[in-house]
Amino acid sequence: MKTETTIQGLAASLNPARAARKIIGFVPTMGNLHEGHLNLVREARKLCDIVVVSIFVNPIQFGPNEDFDNYPRTLEQDQRLLADVGCDIVFAPTVEQMYGSKPRLTNISVSDITNDLCGLQRPGHFDGVAVVVTKLFNIVQPNYAFFGQKDYQQLAVIRQFVRDLNIPLEVIGVPITRAEDGLALSSRNGYLSAENRAAAPAIYKTLKAAEQALLSGDALPKVLEDMKSALTGAGFVVDYVEARTTELQKIEQFNEDLVLFVAAKLGATRLIDNLQVKYTAS
Ligand code: AMP
């Protein structure tokens, strides 16, 4: 496995594979890798000849009071984990390498679906994601790009601009990897105190309870209210508890497949999770 830190170096590593028409798979990450990331790499390994993983903590997707400076950076450990799952190339550029020294005047802003859920709490976040992912797509030029359903809204935003801008690759969504107690794996879980880590699985329990309630006929607004109460009772400060269609449109009642979304804080740590609930007409 190679590590490249420059765009030129990466191109030199990838050009022979491109010339040989190898299928290139790409997994963008911010590092501090866990099994969730590694499962994306395993999926890429199944479909592609060459797997590239980027590790880049992207400053422009963090708000002024967010954790950019403190975000865990664990490159050596990440390299070991990636070598074990068959990654071919790690791309770990500096901020200077990605953004240069001249001001950036171009933005990529997806409307509608970003003015909702995490987009309301994190203004500019999805623009920052869209810009960096587009830059990385242009640098890596993969055939397939792999993203986790853990960040469901992000995945929808990426699918949208890939379609809108005719970016020539296929986006693959990969299901959420969870700890045994149900907590969705996240680099931010490492911020949790022991006490908060013990409380955190309540998010998944609440999602599963809501699924059961919906399937047994409870009304959607009541189910969402019950979720909020359960999370507040478990010590969370709720950012939002919402339901949307799988395409992220508003939904008032459970009459098609929907996705339940939670964003909630335990102490200073903001956790997100979601669960798709299938509708079957009875
Ligand atoms: P991040 O490093 O947090 O930017 O995540 C990089 C990629 O890994 C994104 O596509 C995430 O959706 C995905 N990811 C992170 N955690 C998980 C998880 N628990 N299950 C599945 N995918 C995940």
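Ligands are counted one by one from 1 in listed order, and the atoms in each one are counted from 1 as well.
Inter-residue side-chain proximity for Phe68 and Val57 is flagged as met; some heavy-atom pair is nearer than 4.5 Å.
Under the 4.0 angstrom criterion for non-hydrogen atoms, His34 is in contact with ligand 1.
Protein heavy atom nearest atom 4 (O) of ligand 1, with residue, atom name and distance: Met30 CG, 3.6 Å. In terms of protein heavy-atom proximity, atom 22 (N) of ligand 1 is nearest to Gly148 CA, 3.4 Å. Protein heavy atom closest to atom 21 (C) of ligand 1, with residue, atom name and distance, is Pro175 O, 3.5 Å. Among protein heavy atoms, atom 20 (N) of ligand 1 sits closest to Thr177 N, 2.9 Å. Looking only at protein heavy atoms, the nearest one to atom 1 (P) of ligand 1 is His37 NE2, 3.7 Å.
The closest side-chain donor-acceptor pair between Asn70 and Tyr191, if any, does not fall under 3.5 angstrom. With hydrogens and angles left out, the side-chain atoms of Asp257 and Thr246 include no donor and acceptor closer than 3.5 Å. Side chains of Thr3 and Gln79: a donor-acceptor N/O pair is present below 3.5 angstrom, by distance only.
At a heavy-atom cutoff of 4.0 Å, ligand 1 is contacted by the side chain of Lys150 but not by its backbone. Residue-level proximity to ligand 1 for Ser186 is absent, since no heavy atom of it falls below 4.0 angstrom. Proximity of Ser187 to ligand 1, defined as any heavy-atom pair under 4.0 Å, is not found for any part of the residue.
For ligand 1, the atoms lying closer than 4.0 Å to a non-hydrogen atom of Asp151 are 11 (C), 12 (O). Against a heavy-atom cut-off of under 4.0 Å, Phe147 is close to the following atoms of ligand 1: 10 (O). Atom numbering of ligand 1 starts at 1 in the shown order; those under 4.0 Å from a heavy atom of Pro28 are 6 (C), 7 (C). For ligand 1, the atoms sitting less than 4.0 Å from at least one non-hydrogen atom of Leu40 are 7 (C), 8 (O), 10 (O), 13 (C), numbered in the order shown with element in parentheses.
Cation-pi contact between Arg122 and Tyr240: absent, since separation from the ring centre below 6.0 Å together with deviation from the ring axis within 45° is not met.
Asn143 places no side-chain N or O within donor-acceptor distance of the main-chain N or O of Leu169, the cut-off being under 3.5 Å. For the pair Asn274 (side chain) and Gln149 (backbone), a donor-acceptor distance under 3.5 Å is present. Using a distance-only test at 3.5 Å, with no hydrogens or angles considered, no donor-acceptor pair links the side chain of Gln160 to the main chain of Val157.
Taking only nitrogen or oxygen atoms, main chain and side chain alike, Ile176 does not reach within less than 3.5 Å of ligand 1. Close N/O approach between Leu185 and ligand 1 is found [any backbone or side-chain N/O within under 3.5 Å].
Taking the ring centroids of Phe261 and Tyr152, they lie under the 6.0 Å cut-off. The distance between the ring centers of Phe254 and Tyr279 falls below 6.0 angstrom.
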